[in-house]
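First the proteins, then the strands, lettered A, B, ... as listed; each starts at 1.
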Amino acid sequence: MDYKPNEIEAKWREYWVKNDTYKVSNESDRPKYYVLNMFPYPSGSGLHVGHPLGYIASDIYARYKRLSGFNVLNPMGYDAFGLPAEQYAVTMGVHPAVSTDQNIKRFREQMDNISFSFDWSREVKTCEPKYYKWTQWIFLQLYGHYFDNEQQKSLPIEDLVARFEQEGNSKVNAANSNDEDFSAAAWKAMTTKEQSDVLMNYRLAYRKVSTVNWCEELGTVLANDEVKDGVSERGGYPVVQKPVLQWSLRTTAYAERFLNGLDNVDWSDSLKTQQRNWIGKSQGASIVFQMAETSSTIEVFTTRPDTIFGATYMVLAPEHELVAQITSAEQKGAVEDYLTYVNSRSERDRMADVKTVTGAFTGAYAINPFTNERIPIWISEYVLAGYGTGAIMAVPSDDDRDKRFAEKFGLPIIDVVDKTDYPGATLQDKLGKMINSGFMNGMEVPEAIQAAIERIEEMGIGTGKVNYKLRDANYSRQRYWGEPIPITYDKDGVEHPMDIKDLPLVLPTLDDFKPTADGKAPLARKTDWVNLPNGHVRETDTMPGFAGSSWYFLRYMDPDNEDAFVSEKAVKYWESVDLYIGGAEHAVGHLMYSRFWHKFLYDKGLVPTDEPFKKLVNQGMIQGVIEYMYMNKEKVNGFSHFICAKKIKEKGADGFTRIPVNVNFIQEYGSPDSYLNINSIKQFIDWRPEYKDAIFECGKGTYHKGEFTPNSDATDTHLLTESEVGKMGKRYYNAVNPDDIIAQYGADCFRMYEMFLGPLEQAKPWDTKGIEGVSKFLRKLWSLFYTETDLIITEEKATKEEMKVLHTAIKKVAQDIERLSFNTCVSAFMVCVNDLRKLKCHKKEVLEQLAILIAPFAPHIAEEFWHILGNEGSVNLVSYPVADEKWLKEDSISYPICINGKKRAVAHFSPDAPKDEMEKTAIGMDVIQKWLEGKSVKKVIVVPKRMVNIVAK
RNA sequence: GCCUUAGUAGCUAACUGGAAACGCGCUUGACUUAGGAUCAAGAGAUUGUGGGUUCGAAUCCCACCUGAGGCACCA
């Protein structure tokens, strides 16, 4: 009987649904285990073979854990708010809710095809009011709290108000955006509006002026990825930074806890490093410099306060607010010229050449507080407005950039650190002995840093300070398709949170999704919604994409709860995510925001853990081969002109641009010699009619308007394309749909092949041809049960050898699943099946165990076997086999006998043979004696079960 | 420039320092009108390069080269 995956798979899929096989209860005596996938944004192009990789891996793990006695939560849902649906709405007029719904249906069908063990009754969609009610609720909690730096935790804003009333804010050490001191009396004297503004500076969700990418020509605000090189990606119009009052989250408050938390989670080093980079903690001091001629001061941040004696000049960022104020009359022209130059340079220019030293002298001087020297103040674009205070004390002796700057502009350089004891040490190493530094002379750098900070604090000109690169997160989007922000404003502009009992604030329906002409979000059009009877107006910005995804993993625990975002009972049971699998592109954004929300909820006692994701694995991207054609940037005689990639190699790609071609037209797809023949050129023209009159210059002739003009007597030709391994996706016309693969090979085969491609975390190109091997393996496995015509299972007792083959596989597979090394599991299955076939083993005793063993990987065929063998119920609900060492023991082990590490002979010993006997036998062997002629044995190393090594000279 | 990560046969790849395994693919033969499937046999590696530690290195250390990802005038 042949293996017919499609028949078997359809049958069991239906069975599992009918029997609620994957339903998970929050009540169980089994230990819990929570496996999570990063939920997808349901895009219009559906899933390609790259998307399910992580889902399959986590599904295998979830199934394995379930079979190993755990109550496993393995849910799935949709990150359903987002920009693409909104853009689609703008261009096609389809409401985002409608297109999102369609896309979700499509995703669901594709996922169902792969038979994941998701408990779909727990599905969440972030765009549904019953879900985003709680996103809004958490937002209001953030709004209602501030962060106490001393306790390092969030506290209710009412506590802060109470303190203000008692003692003002001078003793309050809290994360804030504006730390102006006021007394209790002053607080009480403030108007409501003033008080609300003060509190806003402390709230974890707060409002401040921040900039948006405003594009006048498009009349809209653009997301960062819609802006390329300072112009809009669409249309290439200029984009400016426009200040707007927007909501932000005070993520910076948790910077220290973000860092500390990383020590307690099982994430990859690369991921942790990325997060640490992002947080960017640096320790140092902030120092105030007095200006020489005026009373103005300049505050700088430095990680090396010890080098202050070497600070021979200062540099301000060109955007620094003092620049205009302090520039002298003589230098005005130079400074203005320089500012013009800086403004002409895009962000990209600035980043591209970091070696060019530019700057201008302001004509002003400051006083170095330690040397009391007058030091000139310069401006230069190497100092960034957005980091620290936007000003530096320049120490040219110990900082490369300062040094290059000083050399170019002839500024003095004073050596302050003697690094002769530490050759090769860099600034970051903080090594050396202080010289030319007054009271610090002779100190080692770390000691000097401490001493400098102490002196700075004594002098009252600064303090030791920790600086972070991490910025607060912008929480406002001038978009429609997101969660409405449940805040209204009264006539004075004082904000009012909505009453919790009135949540959710449902996103009203619109028919025009474009932003308004003055850049307000689309919701501003809905005036009857915006303007409330009590005179309040609603916030019209919506929440960003990360809002709904920052806590969705908690909702899965208790998805239908109408009284809380999750019940205390459910969250106590499931705690947090044990294993999280997802793409590396979310390494900072999503993970940082989730950690922020989670830590906040933890402070409120609403979740039992400080970190949301115990173990996290990034699956590697499945890549596709992208095929490019070369097109002349200039038209030739008014026609588009394509040229063979081979000719490009000869004459270079100048003046040509690459356009991706639908890979279905390509001959020898993926090979270095991939090409289009005349037939494929015709397909290409049908696909892109705008090129129907284009000239195709091929190797052996030219194709134009349906005519092929050969150079010689050729009848066909190759227009070579360039192949490149890259992303798989719609825009490269190289996406492979899992549905197609499954239709041909079955879901079991697809699942195993995805795993077989390589280690989970590694990127690897998709190659449909390779799937044949896995398909062959499944047929071989099938042939252990069936001949062409009959079932051939026997009840015979298994031999020792057969049990050894089985238990070797059990041991290897269980071990490798634990390590998430699924590719080696597939390999182990192949070895096992081949060995059983060699032994002609068709015994139930062995095959039944094998069926369970393979069930996490290939659930359908496993279920089929399970029932063929006469069992009731689902193979998913039994116990996973455990390797029994008694079958793995060897009677005799073969040992390599080495001389000086090189294998010279082989000997067999029983596993418990004594060392000295093995040693004697080994040396006594004829072959070994021959090798030892003329040498004396210095030492013999016997490693049990491994080898014998004779050291001879 | 800095950080992370990986270089082993055409592809994939090894729990701990101990015989360079296994699988896919490939080649040849058998069976077949042919293909597929199956069976039998076989070839294919100086483990990126150069040092070091060790009785012994793919594995540990150092330097370099190459690929991937991230950060980037971060004071």
Side-chain angles (χ1 to χ4, degrees), chain A residues 2 268-278 280-282 284 300-304 307 311 315 317 350-351 353-357 380-384 386-395 398-402 404-405 426-428 467-469 584-585 587-588 618 620-621 623 725 753 756-759 761-765 767 769-774 776-777 779-780 783 788 812 815-816 818-819 821 823-824 826-835 837 894-906 938-953:
Chain A
D2 284 344
S268 72
D269 284 343
S270 84
L271 196 60
K272 287 186 182 184
T273 312
Q274 275 183 60
Q275 292 230 337
R276 288 194 185 108
N277 280 344
W278 189 257
K281 177 178 181 175
S282 52
V300 302
F301 173 75
T302 176
T303 54
R304 294 295 301 272
T307 62
V315 186
R350 256 175 105 150
M351 269 155 62
D353 73 318
V354 298
K355 288 275 184 296
T356 321
V357 178
S380 172
E381 60 178 358
Y382 85 87
V383 174
L384 306 175
Y387 185 75
T389 59
I392 62 161
M393 62 173 212
V395 183
D398 281 271
D399 183 288
D400 281 346
R401 295 151 305 161
D402 295 348
R404 267 185 274 134
F405 194 84
T426 67
L427 196 65
Q428 283 74 31
N467 203 39
Y468 299 95
K469 269 197 277 183
E585 64 275 19
V588 279
N618 288 128
M621 193 173 41
Q623 299 158 310
V725 172
Y753 183 56
F756 185 61
L757 279 171
E761 298 187 56
Q762 214 162 287
K764 52 243 158 188
D767 175 14
K769 274 177 286 184
I771 202 171
E772 287 293 341
V774 176
K776 212 179 274 180
F777 155 76
R779 290 196 295 263
K780 282 186 193 172
S783 75
E788 278 163 36
K812 171 99 179 133
Q815 243 171 33
D816 287 357
E818 292 283 5
R819 297 192 296 131
S821 173
N823 53 329
T824 53
V826 178
S827 175
F829 282 122
M830 288 170 170
V831 175
C832 174
V833 167
N834 285 346
D835 287 350
R837 278 159 54 84
S894 92
Y895 283 79
I897 311 300
C898 305
I899 295 174
N900 295 334
K902 290 209 167 68
K903 181 188 145 196
R904 300 300 184 194
V906 173
K938 296 273 177 214
K939 198 172 167 188
V940 180
I941 292 139
V942 178
V943 184
K945 295 183 185 170
R946 293 289 181 190
M947 49 85 72
V948 178
N949 189 23
I950 299 163
V951 186
K953 273 233 167 115

When you compare [N] with [M], how far apart are their [atom1] atoms, in angstrom units rounded to a whole number?
{"N": "B:A57", "M": "B:G23", "atom1": "P", "result": "27 Å"}
{"N": "B:G48", "M": "B:A14", "atom1": "P", "result": "13 Å"}
{"N": "B:A20", "M": "B:G56", "atom1": "C1'", "result": "14 Å"}

Heavy atoms only, 4.0 Å cut-off, all strands: where does [X] land among base, sugar-phosphate and nothing?
{"X": "A:Lys272", "value": "nothing"}
{"X": "A:Asn823", "value": "sugar-phosphate"}
{"X": "A:Val943", "value": "base"}
{"X": "A:Val774", "value": "nothing"}
{"X": "A:Gly758", "value": "sugar-phosphate"}
{"X": "A:Met830", "value": "sugar-phosphate"}
{"X": "A:Arg276", "value": "nothing"}
{"X": "A:Leu757", "value": "sugar-phosphate"}
{"X": "A:Lys764", "value": "nothing"}
{"X": "A:Ser270", "value": "sugar-phosphate"}

Please give, in whole Å, the distance from [N] [atom2] to [X] [atom1]?
{"X": "A:Glu772", "N": "B:G25", "atom1": "CD", "atom2": "C1'", "result": "11 Å"}
{"X": "A:Lys780", "N": "B:C22", "atom1": "NZ", "atom2": "C1'", "result": "13 Å"}
{"X": "A:Ile941", "N": "B:G18", "atom1": "CD1", "atom2": "P", "result": "14 Å"}
{"X": "A:Asp400", "N": "B:C2", "atom1": "CG", "atom2": "C1'", "result": "13 Å"}
{"X": "A:Arg304", "N": "B:A75", "atom1": "CZ", "atom2": "P", "result": "11 Å"}

Practice task
Calculate, to the nearest 0.5 Å, the distance between atoms NZ and CD1 belonging to A:Lys776 and A:Ile771 respectively.
Solution key: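 A:Lys776 atom NZ to A:Ile771 atom CD1 measures 13.0 Å (nearest 0.5 Å).
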
Among [options], find the nucleotide with the atom closest to the side chain of [X].
{"X": "A:Gln274", "options": "B:C74, B:G69, B:C3", "result": "B:G69"}
{"X": "A:Ser827", "options": "B:A75, B:C24, B:C22", "result": "B:C22"}
{"X": "A:Val383", "options": "B:C73, B:A75, B:G23", "result": "B:A75"}
{"X": "A:Thr824", "options": "B:A13, B:C24, B:C55", "result": "B:A13"}
{"X": "A:Arg819", "options": "B:G23, B:U4, B:C15", "result": "B:C15"}
{"X": "A:Trp278", "options": "B:C3, B:A19, B:C71", "result": "B:C71"}
{"X": "A:Arg946", "options": "B:C73, B:U16, B:C22", "result": "B:U16"}

Handout entry: Heavy-atom donor-acceptor pair, A:Lys764 side chain to A:Pro759 backbone, under 3.5 Å
Key = yes

Exercise for the section: Examine distances only and state if a side-chain atom of A:Tyr895 and a backbone atom of A:Val906 form a donor-acceptor pair shorter than 3.5 Å. Expected result: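 Checked: no pair found.
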
Exercise for the section: Check the angle between the aromatic planes of A:Tyr387 and A:Phe301 and answer parallel, tilted or perpendicular using the 30° and 60° thresholds. Expected result: perpendicular

Is the shortest side-chain heavy-atom distance between [X] and [Y] below 4.5 Å?
{"X": "A:Thr824", "Y": "A:Arg819", "result": "yes"}
{"X": "A:Asn618", "Y": "A:Glu585", "result": "no"}
{"X": "A:Tyr382", "Y": "A:Asp402", "result": "yes"}
{"X": "A:Val948", "Y": "A:Ile941", "result": "no"}

According to the Watson-Crick and G-U wobble definitions, with both distances under 3.5 Å, which nucleotide is paired to [N]?
{"N": "B:A13", "answer": "none"}
{"N": "B:A57", "answer": "none"}
{"N": "B:U49", "answer": "B:A63"}
{"N": "B:A19", "answer": "none"}
{"N": "B:C26", "answer": "B:G42"}
{"N": "B:G1", "answer": "B:C71"}

Answer yes or no: does a side-chain N or O of [X] lie under 4.0 Å from OP1 or OP2 of [N]?
{"X": "A:Arg401", "N": "B:G1", "answer": "no"}
{"X": "A:Lys812", "N": "B:A13", "answer": "no"}
{"X": "A:Lys776", "N": "B:G25", "answer": "yes"}

Practice task
Find which nucleotide of RNA chain B each of A:Gln762 and A:Asn277 is nearest to by heavy atoms, and output the residue with the more 5' nucleotide.
Solution key: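 Upstream on the strand: A:Gln762.
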
Problem - 5′-ward residue of the pair A:Gly390/A:Ser821 relative to RNA chain B - result: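 Nearest nucleotide further toward 5': that of A:Ser821.
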
Problem - hbond_proxy A:Ser282 side chain to B:C74 base (donor-acceptor, 3.5 Å cutoff) - result: no

